[in-house]
Amino acid sequence: MITNQEFNRRRHQLMSMMPNNSIAILSAAPEKSRNRDVLYPYRQDSDFFYLTGFLEPESVLVLISGREQQQFLMFCRDRNVERETWDGRRAGPEGARLKYGADDAFPIENIDEILPKLLEGRRKIYYTAGKDANFDSFLTKKVENNRGNAGSTGSSVELFINLEQPLHELRLLKSIEEQKIMEKAATISARAHCRAMRNCAPGVYEYQLQAEIEYEFAMAGANSPAYGTIVGGGVNGCILHYVENNSKLKDGDLVLIDAGCELHSYAADITRTFPVNGKYTDEQKVIYDIVLEAQMSAIAACSSNNFWNDSHKTTVSIITEGLRDIGILDGEINELIETKKYSDFYMHRAGHWLGMDVHDVGNYKINEEWRVLQPGMVATVEPGIYISPDNKDVDKRWRGIGIRIEDDILVTDNAPKVLSSDAPKTTFEIEALMASK
Ligand code: GLY
Ligand code: MN
Ligand code: MN
């Protein structure tokens with residue numbers, strides 16, 4: 001769990017990146033209706049959680065830089081015995097102060113009256129527009145009024161600055177505590193993949209493997225999957241974000257599972273592709289080993305001081321060469337790469353940042369140049385080869401094979417650390433695990 005001390009440090013880091021006397025305003029994620037009287041399970045906004053640890057909706061965080069006191073202010077739902085009996089416990093403003101360390105806290109109903117006072121004399125507002133239309137328009141009105149009143153206060157808001165710029169730079173570098181949680185999320189998720197491998201057999205439905213995976217998450221106390229679990233048998237493995245998960249698994253096919261849990265708001269993101277009957281066919285093994293070689297080479301490229309794109313580049317070379325060696329591509333390697341011939345079979349990038357969001361925040365380029373990797377960054381490495389069942393240009397024996405291998409990698413001062421290494425990934429290891437069930 002992230003400690004109050006760390007939340008406090010994050011707020012101070014952010015404020016140290018803001019000019020004195022500027023204000024940052026951030027609202028909690030709104031609740032969303034799923035259907036009549038039913039809400040989607042509530043998930044706090046990642047930026048809001050990062051700075052507060054506060055999990056309730058209808059809350060607003062205000063940070064004011066450069067003043068001695070009253071830097072961290074919260075608005076939240078008031079305590080209410082009746083509402084808490086129906087909807088669950090609330091911290092209330094007192095809890096926000098005592099438990100979450102707010103310098104002061106107010107009932108959310110009072111924001112209308114209090115926020116204008118907090119805006120007085122502030123020239124710069126750090127804010128992320130576009131996440132919550134209601135709050136956008138509320139804040140815009142308050143700022144309009146503030147400008148209207150400038151005559152009496154002597155100054156007015158001059159500038160909205162995108163809060164994401166400084167905040168997401170902080171989120172990109174994971175602290176030791178964050179690294180520990182992410183390793184645990186990856187370990188639970190790896191165990192879930194092993195469970196799916198052990199419970200797989202011809203005739204099992206994709207949703208049944210999904211249930212095995214999510215059972216393991218829930219039993220470990222991981223609040224939910226970090227994203228929709230993908231279980232794609234056979235040609236469904238060629239659909240990158242397949243979520244129907246309703247087909248019966250067939251003897252002789254592969255099954256691709258892309259699944260990771262969310263633990264204390266941090267995501268894991270792992271993919272394994274294994275044979276439904278426990279034994280890869282020769283063709284499946286050939287394609288698998290190309291993807292695995294690409295993946296291992298890309299993991300090695302996640303070393304500090306390398307460029308972000310180095311891992312992608314090596315996957316493109318190895319996959320292009322591999323596909324040419326088996327006759328699926330034809331031509332000179334550099335030309336095949338330049339003309340992106342591989343992209344019929346490998347149509348996504350090798351990975352993405354990973355953190356509280358599965359596709360986590362942080363720029364991949366700085367001033368148009370690929371970013372240099374630093375210890376504390378976490379990314380996925382997930383090359384794949386997907387041969388459409390309808391691709392008539394490819395020999396029949398390869399068609400319908402879809403393979404992705406995905407791990408979660410921590411950049412360190414030394415060798416890259418594979419957080420998800422508990423999930424077996426050579427064909428040998430996977431066959432051995434499936435034979436031992
Ligand atoms: N599970 C989504 C992804 O791999 O990016
Ligand atoms: Mn994934
Ligand atoms: Mn991923």
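Everything quoted here is computed from the prediction, not taken from an experiment. Computation of the quantities below employed the complete heavy-atom set of this structure, encompassing side-chain atoms and omitting hydrogens, waters and symmetry-equivalent molecules. Atoms within a ligand are numbered from 1 in the order they appear, just like the ligands themselves.
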Classify the ring geometry of Trp353 against Tyr364: parallel below 30°, tilted from 30° to 60°, perpendicular beyond 60°.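 It falls in the parallel class, under 30°.
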
[X]-[Y] side chain donor-acceptor pair, cut-off 3.5 Å:
X	Y	value
Asp258	Tyr227	yes
Asn236	Tyr242	yes
Ser46	Asp357	yes
Glu206	Asn246	no
Glu431	Tyr280	no
Thr380	Asp269	no
Glu214	Gln210	yes

Under 3.5 Å, N or O to N or O, is His241 touching ligand 1 that way? no

Has ligand 1 got any nitrogen or oxygen that is less than 3.5 angstrom from a nitrogen or oxygen of Arg404? no

Heavy atom of Asp258 under 4.0 Å from ligand 1?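 Per 4.0 Å heavy-atom rule, Asp258 contacts ligand 1.
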
Contact check, side chains of Ile290 and Ile326, non-hydrogen atoms, under 4.5 Å: yes

Proximal atoms of ligand 1 relative to Glu406 (non-hydrogen, under 4.0 Å):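 Those of ligand 1 that fall under 4.0 Å from Glu406 are 4 (O).
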
Under 4.0 Å from a heavy atom of His359: which atoms of ligand 1 are those, numbered in the order shown and with their elements?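 Checking each atom against His359, I get 2 (C), 3 (C), 5 (O).
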
Going by the 4.0 angstrom heavy-atom rule, the piece of Asp269 near ligand 1 is side chain

Around the Mn ion (ligand 3), number of protein N/O/S atoms which are nearer than 2.8 Å: 4

